[in-house]
Chemist: 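Starting off with a structure, shown below.
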Amino acid sequence: MTTETTSGIELNNSGQPGDQEEHTGISSKESKKVEENIDQEIVNNPGETEQVIDPPSPSTSAGQQSPGKRQKEIPESKGISRFLPPWLKKQKSQSQVDTNENGDKNILREKGSAEEGSSPSQIKEEVDIGGEKDQPVAIKADDKEEKRSISTEIQPTKEDNNIDDKQKIADEKEEKQEGEKDTRDAQHTEGKKILHKTPKKMKTVMCKVKLLDGTEYSCDIEKRAKGQALYANVYEHLNLLETDYFGLTCQDSAYQKNWLDPTKEIKRQVRRTPWLFVFSVKFYPPDPSQLSEDLTRYLLCLQLRQDVSSGRLPCSFATHTILGSYTLQAELGDYETSEHSDDYISGFQFAPNQTKEMEDKIVELHKTHRGLTPAQAELQFLENAKKLSMYGVDLHYAKDSEGVDIMLGVCSNGLLIYKDRLRINRFAWPKILKISYKRSNFYIKVRPGEMEQFESTIGFKLPTHRAAKRLWKVCVEHHTFFRLSSPAQPPKAKFLTLGSKFRYSGRTQAQTREASIKIDRPAPYFERTSSKRVSRSLDGAPIGGTTDQSLLKDYSYTKADNAVDGIVKAQEKAIQEGAEVSPAKSAQFLLQKDTKSLMKEEEDEEQEKQSNSLRIEGENIYVRHSNLMLEDLDKTQDEILKHQASISELKRTFMESTPEPRPNEWEKRCITPVPMPSQGSLEEEITSILFSKESFTCMNFTCAPSTQRPAEGSFMKDRVTADTFSNTHSAQPENFIPRARGMRTGLSDAHENSDEMVEETKQSDSDTSEPSIAEDIKVGVNGEADSFNDAVEQSTEVEDIEKKDKESLSSSDGNSDSENEEAEYQTESRCSEDVLKEEPQETPEVVVQTEEDNQVTKADGSSVTVAHLEVITDNVTKEVTITTFESCENNITVNEEVPQDEQPKINGDVSHIDVDTSSEIICCSEPPVVKTEMVTISDATQRTEISTKEVPIVQTETKTITYESAQLDDSGDLEPGVLLSAQTITSDSVLTTTTTHITKTGKGGISETRIEKRIVISGDSDIDHDEALAQAIKEAKEQHPDMSITRVVVHKETELMEEEEEED
Amino acid sequence: MAGLALSGFGRCTHAIVRAIPDSLCQEALRTEKGSVVDISLARKHHEQYVGVLKNKLGLSVIELPADECLPDAPFVEDVAIVCEETALITRPGAPSRRKEAEAVKKALQDLQLNVVEMTDENATLDGGDVLFTGREFFVGLSKRTNQRGAEILADTFKDYAVSTVPVCETLHLKSFCSMAGPNLIAIGSSEAAQKALKTMQQMSDHRYDKLTLPDDAAANCIYLNIPSKGHVLLHRAPEDFPESAKVFEKLKEHMLIPLPNTELAKVDGCLTCCSLLINKKTSL
């Protein structure tokens, strides 16, 4: 099974297109997906499917499945595990078990690369597998909760069998939905068969879909089905072929509308039961006359009638009358004096403020349309509607840099900025280099104007993090759908390889047009329903696409939204998302449990920690940063490979220097947090913490310091200090526990504080992971940790992986809001690093260092190191701490922090300094005057201080990965040494700031020199952080040839999205 | 029928003009102090202008009488925006001009247009700041026109995008630009004009052709689409702007009608200022 699976997966990745075409005359990726899924399920995992079918106990079935899955899983172990030393692997496996016990969710990963890494379970699996690195695909399913994943799992195996299997598929009741799609592709024949057969035992959920004509369509959908299953049903019901312009929205409690992602499980995207959806137009075709079928135009008409009558699409009196008259003509036919009494029109709702005068005028115009067929009248309707300036503009509320209320409108041509109905700026897609969001901020990087040298980044403040993400997704989708339709654009496939999580999974406009041309069927008969019905239903019916109502609600909006705006790209098969999410959760749960247990053990200490800043500051580890490069097609496989190479180089460098550590209890416990890798979204936010014994000793200190400085409670800091100041403090093994505890507590606190956040972060993780998958299976591990570019895949080497919230960093941000996700989508060419230079990110750190020095003298140590870590929070930071021991005497710690974010935000979190550098304002150089700023909201990296400030709350998630060499100078550390000397040296270059801490301690006649280097790399995603890291480590080694590196801590900080839709 | 018909851009059936009062010489507002207006010459130019509209182009011209209390009244463009069947009576930025609207409003109502008044006390809008391209509006934010005025314009003409363009150095947006064809923007060469053009280009989803003229003032011309004559362009005479006239003469498709306007120009009067063009459909 395993081998097959892998092969199958590979096939999927590369071979799908071809297969699809073979199967279906119409090549639509979605359809492909569906088919593949079905086929795979049937063929490959007959057993599994059956199990699923079994009505009695889904859970049991899951359990049964597990063996098979495990095998599959084993092959997956592509991720970090291969890099991990055996002992570590063991630990990880344990951790996984824990997660399973917790009853977390299933994890499915077809490609497994990125996703796998992220999910704890995956890691575990990988560990088990051990040597098997080769197999790219990892499939994971947690037994307990969800079987949904099965379909996804199955997918990889199949493609070979697709054709043969079709028949089987049809037979199979379970997958009728998917089958429908196939059938649909195959001219609907098969699909119908499938439809009729309903699996008796399957767990199904009633889905209700409000259609554009006001009627409601309901069907039973398998509980674990993906969105596409429902889409298939709806399209089938509508007999619609030109489907790409449409979508289903689901509304969360806050009345926000989110697009149902066909590639993700429905249940992940719907929070409430019953499942209610609204069918609506997603992409308004600029030229409706180019649509192939009248049916499609009819549906578009229905949508526009709603838009117009609700006021969402504003139009003048005259236009209202014209549109109304065509509506009458289409629905009632020619005006007949005998039939149409004066009030025949009264039942129609044409405009938000409909007057008698208007109705009269409409009737008057209606009389002039004599002879027009319904289809002709609708075409005329569309020809008039399409000229409206707000046609197809998706509005989002926002504020500019000055806090002025504006609206951002996403349309086929780009991004429009409105203030009070006035267009104050416009950014066409070609002008936009990158779209990103961070927390509740939305950024666009704009191509420099003629007279300008530098790109400018313009920031907008959205009401919520979610709103920012939704806007971002809408932009990504619109860009993909419309912009990439232009011939100049490279094929979609290439685009996909860029590897951002979010992608539009459907066809582009160009593709759909192409497909439309090929539609060869007699014009389907359809019955037009009276717009009366529509009007009646309007009130209650949520309308897709538009934002007005939803926007308003956004503000109040809570959290839930599953909606998957962004549809993950088809090629990737986004299938994994749901699974991913679940693992993450499980991981988190584990963490919590661990922490709890720890707490029990040592309540006192724990309490102290918790009470202390730990909670406040440290919690969110999840850094999320996803880059979507809109039009940056530059990144090719070569680059990716190169990237990988650099990563591997990095790993090698590190591994060579470090002996294998042996696991101790603390480490074991630490293992639980492993899920981190999964989180590693494109951005690499890997926080690894390596603990040397010294560090452990430090634990005690940490606790104290943490209390003193609530904000600083980050472990990283503690460790560092500990290392540095080990002399002062006696190190005892016991200490470890407390420390661990502290960490856990911190984590747990964070979780507790914001469960939502965690989920969100998970989501984000999943999102990020996908892209990596798409890129390469190999990347797998890397993908987890990193985004393409940035990815630092140290994780593989990492002995211990912990998720750590940078307390200081995340704490302020994360706590306050769970909105730390970032995502970037580059539209065109790569962004130059200029922006970075412009940004004053580095300054904060410098300041911090100075502070550190002071502290060092104080010997408080803990706080000092911490400061460093935190400094970079806002930016994506990678911190690599390399500690080298020479005969236990010398330590070199290199901390590298790489802020990846291009965005000017510098949250300097220098603990001591309130850095809020917050806002840099980047003005658009361009003439149109939109006041935009980099909304840098000061984040809070600041610890305690932050709370007092009103600073917009942003969560940052940070991942810390620590690679620790096993060699521990146990004896030496345990005993408190005497601090002989300490010095700090700071050097800056353009992109990096290097701080070197040299501490000499004496213990019993043995002097130990510990050098800790902190390298902060801040910059755009463009910067190859991995390479920079590798270089830094290399240099460190060269500089101190006689020392060994004990620890490398990579801290990547990215702002996390609060919620990731994908999870939803 | 409602607008949105791009092909009909420039179509015109009616024009509203207003005679020049004697008070214009002394009392009319002007950005450049000290210039002396030759009233008789100004009237001569104005008569020529009206004559072209009425006789040469066959428009129904409604000539409003002069009012000595309203020295700026001949510039009827500023007090109303007419687009298709709807007329927005503006609230001119200069308080002294607000009474000009009364007569114009009545004339518009007589034409059975849907007349909308700008009543917001905080809003100011001069028609000279409003450039309608047939696809969208550009509104210059100037000393005479503010954001609120532009918003009301946007509310009135909901079908169209209304984009704002900062105007700093000149009185009005149309002091240096106008439409010279269905898709053609005439633009002056000054830095301010070019900057405004760039702004407009960025703000628009549509790509306009541009006709760059050496003289900003010459860029204010009147494009009409007269069924029997095709593209018609009223532009400043060669005597006024010889270099710019040469540029206009390169427009082969247009019927060019040069008009002198030196005197009214001294009180910031442009060609477009002196008339309100209305396309009144007879059908319906």
Side-chain angles (χ1 to χ4, degrees), chain A residues 286 308 311 313-325 351-352 357-358 361 364-365 367-368 380 383-393 404 409 411-414 416-429 431 446-447 449-451 924-930, chain B residues 1-7 83-86 88 113-116 120 123 125 133-139 141 145-168 191-192 194-207 281 283-284:
Chain A
V308 169
L313 178 58
C315 55
S316 65
F317 177 90
T319 303
H320 274 304
T321 60
I322 290 181
L323 296 179
S325 66
E357 181 190 8
M358 181 182 292
K361 189 80 175 176
E364 196 178 329
L365 288 171
K367 296 173 183 173
T368 68
Q380 288 302 313
E383 287 301 301
N384 280 278
K386 76 174 186 186
K387 295 173 188 167
L388 296 169
S389 74
M390 298 306 288
Y391 173 84
V393 177
V404 177
C411 67
S412 59
N413 291 324
L416 302 168
I417 318 295
Y418 294 93
K419 181 185 175 194
D420 294 328
R421 292 164 297 246
L422 296 177
R423 187 184 290 182
I424 56 174
N425 210 341
R426 172 180 171 272
F427 301 96
W429 292 130
K431 182 91 177 168
V446 177
R447 198 183 287 283
E450 297 176 8
M451 305 304 293
C924 333
S925 49
E926 304 171 356
V929 187
V930 177
Chain B
M1 299 277 298
L4 291 179
L6 299 179
S7 59
C83 181
E84 292 139 17
E85 299 290 314
T86 300
L88 172 65
L113 293 175
N114 173 30
V115 176
V116 178
D120 191 328
L125 179 69
T133 68
R135 301 172 185 273
E136 62 194 310
F137 285 97
F138 292 105
V139 178
L141 296 180
T145 300
N146 64 20
Q147 180 94 10
R148 183 69 191 126
E151 288 171 19
I152 293 173
L153 178 78
D155 282 343
T156 305
F157 303 103
K158 289 180 181 166
D159 292 352
Y160 298 99
V162 177
S163 303
T164 55
V165 182
V167 174
C168 303
E191 190 176 335
Q194 291 298 318
K195 186 178 176 186
L197 176 65
K198 272 190 185 154
T199 300
M200 291 189 283
Q201 286 174 331
Q202 170 165 346
M203 301 276 248
S204 176
D205 294 327
H206 184 69
R207 284 182 163 271
K281 305 247 170 117
S283 63
L284 293 183

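Per chain, numbering begins at 1; letters A, B, ... match sequence-line order.
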Chemist: May I ask you to decide if A/R426's main-chain N or O and B/Q202's side chain share a donor-acceptor pair within less than 3.5 Å?
Modeler: yes

Chemist: Which atoms of B/E136 come close to chain A, meaning under 4.5 Å heavy atom to heavy atom: side chain ones, backbone ones, both, or neither?
Modeler: side chain

Chemist: When rounded to the nearest 0.5 angstrom, what is the spacing between CG in A/L313 and NZ in B/K158?
Modeler: 11.0 Å

Chemist: Supply the atom-to-atom distance B/F157 CZ to A/S389 OG, rounded to the nearest 0.5 angstrom.
Modeler: 13.0 Å

Chemist: To the nearest 0.5 Å, tell me how far A/L422 CG sits from B/M203 CE.
Modeler: 9.0 Å

Chemist: Which pair of heavy atoms, one from A/R423 and one from B/S204, lies closest together, and at what distance?
Modeler: NH1-CA, 4.0 Å

Chemist: Nearest 0.5 Å, what's the CG-OG1 distance between A/N425 and B/T199?
Modeler: 8.5 Å

Chemist: Decide yes or no for B/E85 and A/T321: does some side-chain heavy atom of the first lie under 4.5 Å from some side-chain heavy atom of the second?
Modeler: no

Chemist: Side chain from CB out, backbone as N, CA, C, O: work out which of these in A/N413 comes under 4.5 Å of a heavy atom of chain B, or both, or neither.
Modeler: side chain

Chemist: Kindly say whether B/D155 contributes a backbone atom to a donor-acceptor pair with the side chain of A/R421 at under 3.5 angstrom?
Modeler: no

Chemist: To the nearest 0.5 Å, tell me how far B/N114 CG sits from A/E357 CD.
Modeler: 7.0 Å

Chemist: Could you look at B/T86 and say if it's the side chain, the backbone, both or neither that has a heavy atom under 4.5 Å from chain A?
Modeler: neither

